[in-house]
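What follows is one structure encoded as structure tokens, with my remarks underneath.
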Amino acid sequence: MKLFSMTKTIFKTLGRGPSTIRYPKEPAKRYEGTRGQVEIKIEDCIFCGLCSMHCPSDAITVDKPVKIWTIDRFRCISCNSCVEACPKNCLCLNNVYHEPVLNGPLTESFTGSAEPAEVSSEN
Amino acid sequence: MSYLTKSPWIIHYDASSCNGCDIEVLACLTPLYDVERFGIINTGNPKHADIFVVTGSVNEQNKEVIKNIYNQMPKPNVVVGVGICACSGGVFRECYNVSGGVGELIPVDVYVPGCAARPEQIIDGIVKALGILDKKYKDSKKGGDFK
Amino acid sequence: MTIEEQKYTDIMKEDLLKNVKDKCESGYRLVQIGCGKFGDIFEINYSFEKEYSFENLRIKTTEGEKVPSISDIYWGSFIYENEIHDLFGVEVTGINLDFKGNLIRTTVKAPFNVKNVTKVKPEKKETAEKKTEDN
Amino acid sequence: MTFEFFTNSSFIGAVLFILFAPLIGGIVMGIDRKITARMQGRVGPPVLQPIYDILKLFEKENMVVYESQNFWILSYLIFIVVTGVLFFAGSDILLVIFALTLAHVFLILGAYSTGSPYAHVGAERELIQLMAVEPMIIIAAVGLYQVTNSFDTAGIIQSTFAPVIVLPGIFLGMVYILTMKLRKSPFDLSTSHHAHQELVKGLTTEFSGSTLGMTEIAHLYELVFLLGFLFLFFGTAAPLIGIAVILIVYFLEVFVDNATSRVKWQFALKSCWIVTAVLGVLNLLALYLI
Amino acid sequence: MDLLIFLILFPLIAAILMLLLPNGEIRDAIVKIAALIIAVSSVYLFIETFGKGISYVTIGSETVGMAILLCELVVAIFIIAISLKFRKYIVAALAIVQTAILVYAEEFASVETGFLNELFVDEFSVIMALIIGIIGSLICVYSVGYMKGYHEKHADVKDNRKLFFFVMFLFLSAMFGVVFSNHIVWLFFFWEITTLCSFLLIGYAMDEIAWKNAFWALLLNTIGGVGFSGAILFILVYSGNGDFIYLNNLIAAGPVFAMIPAALIAFAGLTKSAQMPFSSWLVGAMVAPTPVSALLHSSTMVKAGVYVIVRFAPIFELSYIGVLISLVGGVTFLLASAIAIGQSNAKKVLAYSTIANLGLVVACAGIGTQEAVWAAILLIIFHAVAKSLLFLAVGSVEHQKKSRDIEDMSGLISTMPKVAVMMLIGIAGMFLAPFGMLISKWATIHAFVNALPPFGMLLIAMIAYGSGITVFFWAKWMGKLIEVKKKSSPLKKEATSPEMFTLYCLTGLTVITCLLFPLISGFMIEPYIVEVYNGTVSQLLSLNNMLIMLMMLVLILLLPLSLGHFSKGRTVVGQYMGARPGVSGVSFAGSMGVTKEVELSNYYMEEFFGEEKLSKTGVILTIILLIVFAAVIILNLPGMVM
Amino acid sequence: MSRRIVVPFGPQHPVLPEPIHLDLVLEDEHVIEAIPSIGYVHRGLEKLVEKRDFKDFVYIAERICGICSFIHSVGYCQGIENIMDIEVPKRAQYLRTIWSEYSRLHSHLLWLGLFADSMGFENLFMNSWRIREKILDAMEETTGGRVIQGSCKVGGVRRDISDSKLKDMVKDLDILSSDIEDLCHVFFDDDTVIHRTKGVGVISKEAAYSLGAVGPTARGSGVSTDIRKTGYVAYADLDFSPVVETGGDCYARCAVRARELLQSVDIIKQAVDAVPSGDIDVKVKGNPDGEYFSRVEQPRGECLHYIKANGKKNILRERVRTPTTANIPALVKMLGGCEMADVPVIVLSIDPCIGCAER
Ligand code: NFV
Ligand code: SF4
Ligand code: SF4
Ligand code: SF4
């Protein structure tokens with residue numbers, strides 16, 4: 001029918017049932033390769049600052065003297081650039097997205113040589 | 001719970017985003033994510049909206065627009081900034097025309113970081129916003145802020 | 001993979017209209033007009049294409065000089081000319097749809113004309129706040 | 001078969017309408033949204049969503065451009081209710097139609113009174129819609145009269161046979177009009193339940209909070225009234241068939257809503273008038289032949 | 001019943017007085033007093049005759065009869081002379097024809113007419129008299145204020161207010177004459193006077209276009225006059241005796257004899273009530289000062305046209321002539337309404353709506369059933385009240401805003417709240433339930449369903465479409481009035497006090513007639529119908545429905561109280577401007593850096609409702625109908641020869 | 001007295017996913033005048049080249065726009081590579097081609113949905129976007145990002161796709177194309193769609209050409225221009241011809257895009273069949289020196305990245321001329337004399353991407 005060309009699609013869709021993922025009841029789709037957040041193995045970091053240099057968004061600051069590696073999650077665009085730049089392979093991108101937060105800025109600092117991570121902003 | 005949480009209508013405005021977050025917000029409306037499950041409708045009209053979803057950063061021309069939309073939304077309302085552009089200006093933070101995240105202009109209640117933010121994340125953000133909406137409503141009832 | 005041949009013709013500003021007219025008459029379409037500031041010189045490229053053959057006319061101009069609009073020849077050129085005016089501060093005369101600096105309003109006037117523009121943070125914030133109060 | 005306004009049965013009809021129409025309308029609308037969602041491959045909102053929406057609106061701040069807009073909308077709501085009450089109390093159907101027009105004029109004036117460009121265009125379009133549907137409704141009333149010899153809904157509904165048998169054209173015409181009355185695509189010109197495109201929210205652009213809530217309630221009342229109007233074509237002679245047909249018609253409306261794009265006003269007006277002329281007027285004239 | 005004579009003569013005397021008095025306070029005062037007297041006496045007439053049914057007055061003097069004939073000749077000569085002077089030869093020719101017919105009929109018809117019961121009064125006449133007496137004189141009062149302003153503004157127009165008021169009162173006098181005459185020649189005489197008066201008033205400005213339109217009106221009305229004199233000729237030639245020259249006898253004679261004269265008079269009525277194809281004169285009459293339009297449209301002139309048609313309605317019941325008349329009315333109603341959509345000139349909208357409403361009256365009268373006549377009379381009443389209110393309100397706005405354009409009335413509610421509210425009531429009176437015109441429309445639909453099938457259904461279709469169209473153009477006007485873009489403080493003085501007084505009165509009347517409508521119907525219209533249809537009337541609108549209407553009306557009157565509630569505690573924000581409002585007013589930051597003011601105009605949809613196209617259609621359709629009409633008459637003629 | 005209605009259309013408007021403003025002057029609903037204004041999303045990212053290493057700038061280039069992100073990165077990288085005479089491995093070129101076409105599919109489906117929405121056809125919008133999610137899934141699985149893929153870099157690509165995955169993708173596409181065909185059928189045949197699109201916003205072939213329209217906007221008017229035909233990345237090896245329609249109206253533009261969907265599926269299939277094995281990137285040494293106009297075919301048409309560098313780590317000038325910019329003059333012409341209801345349809349018919357246009 002010319003007038004209701006949509007008919008077929010509509011009934012197909014009706015028959016197939018909703019394609020909705022019932023998130024949050026159901027878990028979200030996730031792929032292995034998804035670029036999520038930057039994680040650091042701070043033990044391996046040598047504070048060379050390459051990651052910071054190559055970060056297109058200036059999300060990383062490396063304070064060499066005091067051995068603090070800081071990332072601003074509100075700036076990170078999950079681009080993988082730092083990961084590629086790191087000579088020690090101590091950075092990686094996981095496949096989990098950051099959850100929404102109530103207020104910023106959202107920086108996380110890691111202090112070198114196995115000291116416990118410290119989170120600056122509540123969340 | 002107030003009914004506000006059962007029927008939050010949103011208005012979405014693209015400040016200066018790259019469209020990435022933008023289309024992800026739209027994708028939330030579409031079958032795969034279908035936020036209408038929560039009663040969410042994209043109204044496109046500030047006067048009907050409860051949740052202001054902003055993507056992108058603030059620039060010279062759109063700051064009046066954002067302010068105006070915010071001012072035309074009846075209370076109680078919440079603002080959700082989606083994408084790191086809305087959070088901090090993101091990768092464009094240092095562009096001459098970007099003055100930063102939306103928070104510089106209007107009070108933002110929930111930030112959804114990510115570039116681009118995923119639909120699931122946006123849903124999470126809105127769900128989080130509902131709690132705030134409810135709280136704002138209850139507070140206002142106590143305070144008798146508005147009718 | 002093929003690499004496109006790059007053709008440039010440097011011309012004088014005075015000859016611009018004549019050359020563009022030639023291009024138009026021989027059936028080229030206007031691809032773009034793009035400006036760049038290198039040193040003190042504004043370099044303006046007029047790109048044309050005809051059957052996948054891509055050619056450029058290039059003129060050079062300096063601060064304060066006026067550039068004639070080609071919108072009489074290519075109606076659609078206004079969009080590029082306004083843009084060049086707004087971003088580089090190059091004055092283009094006789095545009096058919098002259099937005100008078102309102103096509104793209106920027107915080108910094110003619111940002112591409114300024115060396116190393118970064119945002120002038122504190123001062124700009126202040127104006128932003130003042131604006132907000134005005135609203 | 002004349003109707004007495006203050007008799008028990010009409011009084012009950014009126015009270016039932018006032019009390020339950022929003023609920024029924026809300027549920028119908030909710031199911032509508034659910035089916036729509038399914039047709040789009042989505043899960044859709046809960047069935048009671050329209051009612052939540054309305055309750056929410058009353059929790060919101062009432063933002064106005066001018067205070068007077070609320071007055072018009074209140075009048076709109078009241079007269080939609082009056083329309084339905086008259087209808088379900090068994091009153092003169094022409095009177096019901098006029099009350100409906102009055103109600104809509106109030107809505108339109110409410111939109112005009114805001115002085116806003118989108119509401120203005122919405123109001124103009126609503127007027128066009130009003131103009132497009134009015135002939136059909138009047139003709140339907142006259143057709144029902146011709147068959148049942150009564151202008152009172154109380155009388156019409158007790159007709160000994162279902163009027164639709166001799167009024168098929170008029171019934172179809174009414175179904176056509178219904179799309180416009182329900183503001184469904186392709187005729188959701190002035191405002192729409194979905195995000196409305198070129199007009200933002202058209203008519204209701206400037207309404208917020210309780211004002212918008214009132215228009216939504218009015219929609220629900222109107223929905224029930226319109227379905228009731230369709231039921232007249234079956235009456236007590238064939239009530240079950242009537243209900244079944246109305247359900248089918250409503251499903252079709254949802255389907256059409258999903259299977260068409262919005263048309264332009266020229267087409268809307270023209271098509272409604274032509275449908276009225278072809279299905280309505282010819283049906284009326286044909287009544288003389290039988 | 002000297003009162004009848006008084007009502008005819010008193011305005012005449014007042015008129016002559018006007019000619020003598022210079023402009024100034026005294027004249028103004030006298031206008032007001034005279035108006036008051038006319039109004040009071042028409043009310044007195046109502047009280048006097050209440051419940052008495054029909055009564056006749058005999059002058060019985062041949063001299064008066066002769067005088068009337070003489071005056072008739074004078075009028076004719078005047079018309080001929082002035083048309084010759086302005087080289088309007090067709091008008092002159094038509095006037096000559098019509099006078100010749102009349103003289104021939106008077107002199108050579110073989111019957112003695114005698115002088116008996118020349119005047120009469122019944123409920124219908126009283127209703128008409130009330131309309132003329134109250135509304136007509138209110139308009140005269142209004143003119144006092146209006147004309148002063150008019151001349152202040154139109155310096156180029158010669159101040160001829162003496163003549164103006166003379167003609168105004170003369171008009172009232174003639175109208176009383178029309179509605180009280182039982183003798184058809186008398187009726188015709190007064191009829192001609194109204195034609196003349198309207199000619200003079202339309203031409204008041206005496207500029208080119210005023211004259212053009214005045215002559216156009218004259219031309220079309222003399223065509224009707226020819227028809228009218230034809231009717232007289234017919235009566236005198238074909239009737240055995242002179243009895244049928246009396247209206248009551250003619251109507252009592254029934255369709256067998258009366259059909260043809262009734263049809264001819266109805267034809268005259270069609271011209272006078274500006275039905276298509278003759279409607280153009282009424283539109284042209286707009287050039288006159290606004291009170292003139294109000295007078296022509298509401299209480300005089302066009303009402304004379306429908307009056308005679310309604311009078312003869314019983315003759316038309318279930319006849320083809322009647323159907324043809326109805327169809328002319330129906331087509332006029334539909335098309336004139338449609339044309340009104342495309343107009344933005346307030347007076348033009350009003351003019352077309354008048355034409356349309358009269359079309360409805362004519363349609364009802366053509367149907368001729370009891371219900372139809374009932375509806376027709378209701379229509380006449382409500383239309384007169386609401387339309388005069390609207391015209392005068394437009395006139396006052398025009399003084400303030402220097403424009404008659406509806407677009408310029410945008411946000412009137414904020415600048416001229418009082419006039420705007422009254423205008424709103426007037427407009428509501430024209431098309432909304434539970435106000436007057438709508439009650440009438442309702443009655444009309446009831447009447448049409450029982451009309452001669454299948455024409456009844458055709459008329460139903462017309463009214464169905466027409467009422468949709470009506471809603472459109474009135475509602476958009478209302479919208480314009482209340483569409484406030486930016487609040488501004490109201491004017492101190494919205495109009496002169498005579499103007500305001502008149503407006504208040506008419507607004508009151510609009511509401512009161514609606515409230516009292518069951519009484520009007522029960523005590524005035526129904527008895528008349530019982531009388532002419534010799535029998536009982538069926539319940540036209542059930543009591544229930546009237547009660548509901550009243551309740552709705554009360555509800556509407558109460559609803560504004562809610563404004564008080566709504567004025568507290570609302571957050572006021574500006575309009576939605578695509579989120580880019582300008583700094584002030586209803587404006588927005590537009591392209592190229594300019595701040596643009598929002599403009600809001602109504603829709604006119606000229607591709608659908610273009611004046612030219614629709615007029616042409618209407619004229620063609622109605623001319624076809626009239627040709628059929630003429631054919632039917634001619635076919636019936638031989639049978640009549642006795 | 002004029003009967004004008006002046007309406008601000010945008011920048012915030014539900015039909016516009018992105019801000020653009022029009023001063024609409026109407027009479028009844030006829031558009032008398034429509035003057036656009038843009039600049040609401042201007043960020044000035046071209047200027048960032050002064051701060052970022054040319055290799056890192058690709059992250060910014062792909063954030064010019066989240067819809068045509070991938071092809072932007074291709075355009076940018078290609079420019080740098082050509083200046084520096086880098087020979088990009090064949091496999092990388094093929095992968096770039098495949099992703100480009102995926103990106104086109106995603107963009108066109110997105111557009112079809114928005115276009116349907118602009119004329120009030122909600123179901124069609126939903127169904128288009130439902131299909132689009134499948135494309136996005138494939139994108140995310142292979143590149144790691146749904147809309148910002150970030151898989152193209154100077155000298156090649158970042159991630160490889162395994163051959164088995166490629167096969168699966170083709171299989172999925174086969175299933176998808178039947179859905180796509182159903183949708184296209186609606187766009188081609190449905191009466192109400194035709195009512196809204198046929199004869200609306202007509203622009204003639206000559207006008208389209210001289211106004212410099214590109215992409216589907218030009219092809220809808222019968223101008224056969226498709227930069228893929230210049231044979232960048234792997235297009236030279238693949239067999240396809242530009243989709244051209246001659247109507248010049250919204251319907252034709254819509255038809256072009258709808259047919260391009262199927263064309264893209266076909267190109268992907270060809271590419272998957274022909275993809276060679278090998279490296280996916282080469283090492284990039286040194287800095288670029290020179291200038292290059294790099295042209296790529298975006299979903300919306302020809303996109304031009306002009307790069308000028310002087311051997312430093314920061315290049316001198318990067319100019320992006322996006323297809324939307326080029327189509328704006330045509331849009332202005334189309335809007336004259338339409339109906340208000342057509343405005344969103346016409347605006348969307350050029351598939352405006354303001355993020356691209358203003359950068
Ligand atoms: N296609 C595309 Fe772009 C680019 N370049 C265009 O205008 O989408 Ni955002
Ligand atoms: S590049 Fe790697 S090693 Fe160097 S500072 Fe960054 S994380 Fe540490
Ligand atoms: S992922 Fe990109 S943006 Fe984030 S820290 Fe690493 S380089 Fe910076
Ligand atoms: S956060 Fe990223 S994807 Fe989102 S708008 Fe900004 S640059 Fe685009």
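In what follows, every chain begins at residue 1, and chains take the letters A, B, ... in the order their sequences are listed. From a predicted model like this one, the values you see are computed outputs, not experimental measurements.
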Locate the shortest heavy-atom distance separating B/Ala49 from D/Lys60; write the atom from each residue and the value.
O-NZ, 3.3 Å
Counting heavy-atom pairs under 4.5 angstrom with chain B, the leader among D/Val43, D/Leu57, D/Asp53, D/Thr204 is D/Asp53
Engaged part of D/Val64 at the chain B interface, taking heavy atoms whose separation is under 4.5 Å
neither
Please classify the contact of D/Leu212 with chain B as side chain, backbone, both or neither, using a heavy-atom distance under 4.5 Å.
side chain
Using non-hydrogen atoms and a 4.5 Å limit, figure out which bit of B/Leu29 sits close to chain D: side chain, backbone, both or neither.
backbone
Results of side chain to side chain contact (heavy atoms under 4.5 Å, CB included) for D/Cys272 - residues two or more places apart only
D/Ala132, D/Tyr176, D/Ile177, D/Met180
Under a 3.5 Å distance rule, please check whether D/Gln49 uses its side chain to pair with a backbone N or O of B/Lys6 as donor and acceptor.
yes
Between B/Asp50 and D/Lys56 the two heavy atoms that sit nearest each other are OD2-NZ, 2.7 Å
Using modelled atom types only, decide if a donor and an acceptor are shared between the side chain of B/Asp34 and the backbone of D/Arg42 within a distance under 3.5 Å.
no
Rounding to 0.5 Å, atoms CE (D/Met63) and CD (B/Gln72) come to a distance of 7.0 Å
Note: vs chain D, highest number of non-hydrogen pairs under 4.5 angstrom among B/Asn45, B/Val35, B/Leu32, B/Ile40 is B/Asn45
Counting distance only, does the side-chain N/O of B/Lys47 pair as donor-acceptor with the main-chain N or O of D/Glu206 below 3.5 Å?
no
List the atom of B/Pro31, the atom of D/Gly41, and the distance in Å for their closest heavy-atom pair.
CB-O, 3.4 Å
Please check: side-chain N/O of B/Glu36 versus main-chain N/O of D/Ala37, any donor-acceptor pairing under 3.5 Å?
no
Of the backbone (N, CA, C, O) and the side chain (C-beta and beyond), which part of D/Ser210 lies under 4.5 Å from a heavy atom of chain B, both, or neither?
neither
What are the two closest non-hydrogen atoms of D/Arg33 and B/Ile41, and how far apart are they?
NH2-CD1, 3.3 Å
Donor-acceptor pair, side chain of B/His48 and main chain of D/Phe207, under 3.5 angstrom
yes
